[in-house]
Protein chains: 2
Amino acid sequence: MLHLPSLKQLQYLMALEETGHFGKAASQCNVTPSTLSSSIKELEETLGVQLAERNNRSVMMTALGLEITNRARALIQDAEAIMEIAKAASRTPLSGKMTLGVIPTIGPYLLPKVLPALKTTYPDLQLYLIEDQTEQLITRLKRGEIDAALLALPYEMEGVSTAFMFNDYFQFAANANHSLARQKSVTLEELAESDLLLLAEGHCLREHALEACQLPPRAQADNFAATSLPTLIQMVIANMGVTLLPTLAAGSLASGAENLFLCPLDPPAYREIGLAWRQASHRTDEFHLLAAALTPNEVS
Amino acid sequence: MLHLPSLKQLQYLMALEETGHFGKAASQCNVTPSTLSSSIKELEETLGVQLAERNNRSVMMTALGLEITNRARALIQDAEAIMEIAKAASRTPLSGKMTLGVIPTIGPYLLPKVLPALKTTYPDLQLYLIEDQTEQLITRLKRGEIDAALLALPYEMEGVSTAFMFNDYFQFAANANHSLARQKSVTLEELAESDLLLLAEGHCLREHALEACQLPPRAQADNFAATSLPTLIQMVIANMGVTLLPTLAAGSLASGAENLFLCPLDPPAYREIGLAWRQASHRTDEFHLLAAALTPNEVS
DNA sequence: TAACTGTGTTTGATTTTTCCGAACAATTAT
DNA sequence: ATAATTGTTCGGAAAAATCAAACACAGTTA
């Protein structure tokens, strides 16, 4: 590794070129003339070149000295630009690139509600979205492929910090002709006697729904497990069974579905929506800001 | 005056980004991991920004860290460019090592005349000499084995720049008892009727002499082709034929040779002596200085 | 002429910074 | 469990940067 001139030396050189005077250059740099003198001398030695001719009465930059001074000026400006970028980034939270993972049972229903406002609040944020299941998102989070993830909690994970955003209540969903339809609410006992349809394995909603029913996790023995919420709803409308629907998704899924019955649970049950990021990241403040910005008004 | 990051810190950052490993980055920079660690930490503090997430098992650059690393890389390159410029300039007064190729029909006759003065003018120049024929010298020049070459021109070559030094006039050389001896000059017609002796193939002097006689290049059909100028002269003295001798060499070759007759050509003919170097080299100024320094006073 | 003034440089001491080595903490591999 | 790897912390030593003061030199002034 080669021995480079120091930025300080280059700054001294610039001051010397500007003032044409060691004393003035020194005071401009808040050092004594002796410091500046020896600094310039050392710079000349490391470069192997005379930068300024000086007799006791005047300082005259060499042609080469002038050339090098100009390059030094550009160099210092670039260094200051780095400082500027860092400062701007630290005082402008949520700016620059960020990759956000989202699970399929949140993304399509939450993001349309909050992204427009997010874009307005943080115009310098370039958000890239990745949709995948919780397990994969956590893997990619730890690999650094994504910076944060919108997940449903609780979920077992190490080395990950989370910020709670809001509770997403479950609603009972059934065909309008189902025996439990037209009730104001549905109890767990009533639910237990129904054919409960679930999402396929890998979707955390499956576990969370079972947990809401106070049922133990079960292997995918169902003959019919939906691979997406819209599919699941179609199965319910076809009266193949009932299901639990997160309120977050219920609105858009139920719109236009004539034969779908929805009602709350008694007692209420919910999953928690939150933002997750690597514990090692020191951008906790930023992620809390992001979590707040991704929380829809109606539930906050 | 703002507190800038040091170039060393930026180099450490680059190494960290390249290796993704504090230990490897440290050894790449010839420092201990502790130094690198605290250096990066300090850099992060002066910038007020986290540059790399590090968990005891892996290092992961922040988006901002990557951005800053790239800018740092450009910065370091600019700093190195300054070094380069200075080094190139400090070489201007021909200092340091330089390897010079010379052809056999120039070296022994020109160099003794000019090297003493060269040594005085450029005491810091360490000149290494390589004697070989033009074709080989050009090959070695392009390979970078030599920095410049003293050649006789014209010569067909690509990617090579040349500086003209002086004209080297041909003299007619014959045995003192030759029918053309005692003339004030010799014409081309007279020359054409003589037995012209030449150097062996590969010596450019062979081609240049033929060209001076306005004769086409000829394959080496001669029964007797000399492999050096002293040998050639001996053949002339032995009255085996006549030849054309460059003035540069004539003096030292003729001294002490009783039976040798020399006279100019009518019209005069000459070869050009010049210095050649790689076109890609940016040391044009230096080579022109060298060419001037290698030109003897009597012909300049 | 001789002292004076302004200037860059040298010098020696002092302060500051840098750097290493060892111990440490945390994690993974065996 | 034990060992190996890796980044970090800490204290002291080495290196450097810096200062203040003395110095050297050239014009200028008295």
Side-chain angles (χ1 to χ4, degrees), chain A residues 1-47 50-62 65 69 138-139 141-144 157-161 278-282, chain B residues 1-47 50-62 65 69:
Chain A
M1 197 174 279
L2 201 57
H3 190 261
L4 295 175
S6 78
L7 291 185
K8 208 182 298 180
Q9 288 172 333
L10 296 181
Q11 284 178 314
Y12 292 166
L13 181 66
M14 284 168 49
L16 182 62
E17 191 267 340
E18 285 165 16
T19 60
H21 189 287
F22 274 77
K24 290 172 188 169
S27 64
Q28 179 177 315
C29 298
N30 298 314
V31 292
T32 54
S34 74
T35 298
L36 197 113
S37 174
S38 56
S39 239
I40 295 290
K41 189 183 171 190
E42 193 193 346
L43 181 59
E44 287 182 327
E45 276 167 8
T46 64
L47 294 179
Q50 188 181 24
L51 298 169
E53 288 178 22
R54 39 223 195 256
N55 54 35
N56 289 357
R57 215 60 196 172
S58 67
V59 175
M60 198 183 305
M61 299 301 290
T62 300
T69 305
I138 290 174
T139 301
L141 186 65
K142 289 183 175 174
R143 276 202 209 121
M157 44 195 179
E158 293 269 321
V160 172
S161 296
R278 286 182 298 280
Q279 217 160 30
S281 171
H282 288 184
Chain B
M1 199 173 278
L2 201 56
H3 189 259
L4 295 175
S6 78
L7 290 185
K8 208 181 300 181
Q9 287 172 331
L10 296 182
Q11 283 178 313
Y12 292 167
L13 182 66
M14 284 168 48
L16 182 62
E17 192 268 340
E18 284 165 17
T19 61
H21 189 289
F22 273 78
K24 289 173 189 168
S27 65
Q28 180 176 313
C29 298
N30 298 314
V31 292
T32 55
S34 74
T35 299
L36 196 114
S37 173
S38 55
S39 236
I40 295 289
K41 190 181 171 190
E42 192 194 346
L43 181 59
E44 287 181 328
E45 277 166 8
T46 64
L47 293 179
Q50 188 184 22
L51 298 170
E53 286 180 24
R54 34 220 194 264
N55 150 334
N56 287 358
R57 215 58 197 173
S58 66
V59 175
M60 200 180 303
M61 300 301 291
T62 300
T69 304

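Note on naming: letters A, B, ... go to the chains in the order of the sequence lines (proteins, then strands), and numbering restarts at 1 for each one.
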Exercise. When we call it a touch if two heavy atoms are under 4.0 Å apart, what does Gln9(A) touch: a base, just sugar-phosphate, or nothing?
Worked result: nothing
For this session: Go through the steps to decide whether Met61(A) and Leu13(A) satisfy the test side chain to side chain contact (heavy atoms under 4.5 Å, CB included), and finish with yes or no.
Result: CA-CA 10 Å; Met61(A) 299 301 290; Leu13(A) 181 66; 3.9 Å; yes
Check every atom of [options] against the side chain of [X] and return the nucleotide holding the closest atom.
X	options	value
Ser38(A)	dC19(C), dT7(C), dT18(D)	dT18(D)
Val31(B)	dC20(C), dC19(D), dT6(D)	dC20(C)
Glu42(A)	dT8(D), dT18(C), dA17(D)	dA17(D)
Ser37(B)	dC19(C), dC19(D), dT8(D)	dT8(D)
Val59(B)	dC19(C), dG8(C), dG7(D)	dG7(D)
Thr32(A)	dG8(C), dC19(C), dC19(D)	dC19(D)
Phe22(B)	dA20(D), dG7(D), dT7(C)	dG7(D)

In whole angstrom, give the distance that lies between atom [atom1] of [X] and atom [atom2] of [N].
X	N	atom1	atom2	result
Asn30(B)	dG21(C)	CG	P	13 Å
Gln50(B)	dG7(D)	CD	P	15 Å
Lys8(B)	dA17(D)	NZ	P	8 Å
Gln279(A)	dA26(C)	CD	P	13 Å

Exercise. Distance from Ser34(A) atom OG to Lys41(A) atom NZ, nearest 0.5 Å?
Worked result: 12.0 Å
Exercise. With distance as the sole criterion, do the side chain of Ser34(A) and the base of dG8(C) form a donor-acceptor contact below 3.5 Å?
Worked result: no
Problem set entry | Contact summary for Gly23(B) and Pro33(B), nearest pair of heavy atoms | CA-CG, 4.3 Å
For this session: Determine the minimum heavy-atom distance between Leu43(A) and Pro5(A), stating which atoms define it.
Result: CD1-CB, 3.5 Å
